[in-house]
Amino acid sequence: MLQAPLLLTPGPLTTSLATRTAMLKDWGSWDGDFNALTASVCADLLAIANGGDSHCCIPLQGSGTFAVEAAIGTLLPRDGHMLVLANGAYGERMAKIVSTMGRKVSVLRWPDGTPVDPIAVRSALSSDDSISHVGVIHCETATGLLNPLDAIAQAVAAQGRALIVDAMSSFGALDIDLQRQPIAAVIAASGKCLEGVPGMGFVIAQRAAIALAKGNSNSLALDLADQYDYLQRTGQWRFTPPTHVVAALRAALDQYLAEGGRPVRLARYQANAEVLITRLQAAGLRLFLQPELQAPIIMTFYAPAHPDYRFATFYQAMRERGFLLYPGKLTEVETFRVGCIGAIESAALEQAAHAIVDVLNQHGWL
Ligand SMILES: *Cc1c(COP(=O)(O)O)cnc(C)c1O
């Protein structure tokens, strides 16, 4: 391989040269310049979700899961009870986090590929007053399914509960508007649709909820109320910040805004997804989801039915052609996934689709 492979994976993903070169400088974490960098990144992240004055942005070291764990551990009181709406592996992970953090959890489940039903959410809430919070995954990355966030947020608000949204793989591309949608907290990370490098999560949380959350957390490092308090008082992160990751995210946000922000990012991903789906369907591969449920983030395809098909062999052959794919994340059926986010254009997806079909044909699997 002459060049680094294209990452057709939903984070880490392919980043631009400008984003990668932003990491060539070292920063002092106590320095005013770095504090200004943190402040500007947080202000932009808040603005992307239209957080206004009602919400604040709290950055956190670590991968996305650290931020999910921090949000749940901070926002749920010790005697809180969270209803997790699960239709895939990330929903299940959220439920596991709630119980690991020692909070009470209930799970409302749908099969892979079936969206969360807001009417069922409403009735589950009306029949259990002890549920204080509801958790949902916006784009379920395990399949690529987009859950109906507007209707879910309305259903949860109508029952007077607080909604926590894992928007890891949708933030920056799909619509999240905190002035329109009643949401207590949105969780995302540097290395997905914002096209930064991995290493930093963030939570856009209601100021009022954070003010009430002091003392909830049973973790020191993952206490977002404390992180926010310290950030406000000093301009600094509590513990060593991922300086180069923040600098890369600043560069990625500059490109995001120059490109035209969320609508333009979404349009590019939609064009990427469309090329991939059209080409692979034309070759006889089948998309796992109904098209109207598919987010333009990551696509799940049924593996070829041929008995000799092996994902590991397919993966290696694709790797030799310069593309990294993802295995499926479904337990019942054999699938593979192709991401269409990152600093890539539809021409790259065209080449990837061509390579996929070629490799499958060469092995006689199609
Ligand atoms: C990527 C992702 C996460 C976080 O995963 P990490 O491996 O911790 O970065 C959480 N939820 C969803 C929906 C994701 O796509």
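Both counts, for ligands and for their atoms, begin at 1 and track the order of listing. Bear in mind that the values here come from a model prediction, so they are computed numbers and not experimental data. We number each residue from 1, following the sequence as shown.
The closest side-chain donor-acceptor pair between Thr19 and Ser16 falls under 3.5 angstrom. Using modelled atom types and a 3.5 Å distance limit, the side chains of Gln181 and Asp150 yield a donor-acceptor pair. With hydrogens and angles left out, the side-chain atoms of Asn87 and Asp112 include no donor and acceptor closer than 3.5 Å.
The environment of His306 atom NE2 is dense: over 12 non-hydrogen atoms of other residues, nucleotides or ligands sit within 6.0 angstrom.
Between Tyr302 and Phe288, a ring centre-to-centre spacing shorter than 6.0 Å is recorded.
Look at Arg180 and Asp175 and you find a salt bridge, because one of the NZ, NE, NH1 or NH2 atoms lies within 4.0 Å of a carboxylate O, short of that distance.
Residues of the protein with a heavy atom under 4.0 Å from ligand 1 are Ser63, Gly64, Thr65, Tyr90, Arg93, Ile137, Cys139, Thr141, Asp166, Met168, Ser169, Lys192, listed by chain and number.
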